[in-house]
Amino acid sequence: MNGIVIIFFSLLALSLLLIFYTISTLPQLGDERKKLIKMKAQSYSFAVVIVVLVIEMGEKVYSVFWGSNTYEGISPFSFLLSICIIYLITLLFYKRKYGN
């Protein structure tokens, strides 16, 4: 069990380091493009978060009213890690699209 937690934390730390590195290289591109890249990556990640939370809410309502009346929920580690990876991928995508 401890091995899985260590893997999650190391992947989270790696993705956070890559996000900070990518953001630190953005000032070389200029103010307007830097803001555009960050805004688009943040808005896409926010939309993904909202969709995932709406789906989870739907699962909870279904399981409480029509299912087995138990709801396990989502793991905070996996949710945070997946959102960080999605943000990193979209940040790199928009940096490549609008940066060069």
Side-chain angles (χ1 to χ4, degrees):
M1 187 66 169
N2 287 338
I4 294 173
V5 172
I6 291 171
I7 290 172
F8 271 121
F9 275 124
S10 58
L11 287 174
L12 182 63
L14 177 67
S15 62
L16 288 175
L17 285 173
L18 289 173
I19 287 171
F20 286 130
Y21 173 74
T22 306
I23 288 176
S24 68
T25 59
L26 283 178
Q28 301 167 355
L29 301 175
D31 259 353
E32 293 82 20
R33 286 193 292 173
K34 174 184 168 184
K35 287 181 184 177
L36 177 71
I37 290 168
K38 285 177 20 182
M39 182 184 67
K40 284 191 174 275
Q42 290 168 356
S43 64
Y44 182 79
S45 298
F46 181 70
V48 169
V49 168
I50 295 299
V51 167
V52 168
L53 290 177
V54 165
I55 290 171
E56 284 296 318
M57 196 63 181
E59 287 179 5
K60 181 177 180 173
V61 168
Y62 177 77
S63 69
V64 167
F65 289 118
W66 297 287
S68 62
N69 204 12
T70 60
Y71 178 70
E72 296 173 5
I74 58 175
S75 169
F77 287 126
S78 61
F79 183 68
L80 183 62
L81 181 64
S82 61
I83 295 305
C84 284
I85 290 173
I86 288 171
Y87 180 69
L88 175 64
I89 290 170
T90 56
L91 190 65
L92 291 173
F93 173 76
Y94 287 122
K95 181 181 177 188
R96 183 178 171 129
K97 184 175 180 179
Y98 295 114
N100 295 337

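Bear in mind that the values here come from a model prediction, so they are computed numbers and not experimental data. FYI, side chains are in, hydrogens and waters are out, and symmetry mates aren't considered; it's all heavy atoms of this structure.
- Note: Leu14 CG to Ile19 CD1 = 10.0 Å, rounded to the nearest 0.5 Å.
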Practice item. Output, in order, the C-alpha distance, side-chain angles, deciding distance and verdict of side chain to side chain contact (heavy atoms under 4.5 Å, CB included) for Glu56 and Glu59. Key: CA-CA 5 Å; Glu56 284 296 318; Glu59 287 179 5; 3.6 Å; yes
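- Atom CG of Leu92 and atom OG1 of Thr22 lie 4.5 Å apart (nearest 0.5 Å).
- Taking both residues in full, the closest heavy atoms of Ile37 and Tyr94 are given as CG1-O, 3.6 Å, listed atom of the first, atom of the second, then distance.
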Return all side-chain donor-acceptor pairs below 3.5 angstrom for residues 79-88, not counting sequence neighbours, or 'none' if the list is empty.
unit_1 : atom_1 : unit_2 : atom_2 : d
Ser82  : OG     : Ser78  : O      : 3.0
Ser82  : OG     : Phe79  : O      : 2.8

Donor-acceptor contacts, no H, no angles, side chain residues 4-12, under 3.5 Å, sequence neighbours left out:
unit_1 : atom_1 : unit_2 : atom_2 : d
Ser10  : OG     : Ile6   : O      : 3.0
Ser10  : OG     : Ile7   : O      : 2.9

In a table with atom names and distances, give each donor-acceptor pair under 3.5 Å that connects a side chain of residues 41-53 to protein atoms at least two apart or in another chain.
unit_1 : atom_1 : unit_2 : atom_2 : d
Ser43  : OG     : Met39  : O      : 3.1
Ser43  : OG     : Lys40  : O      : 3.0
Ser45  : OG     : Ala41  : O      : 3.0

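- Transitive grouping of hydrophobic side chains (ILVMFWY, heavy atoms separated by less than 4.5 Å) brings Tyr98 and Ile23 into a common cluster.
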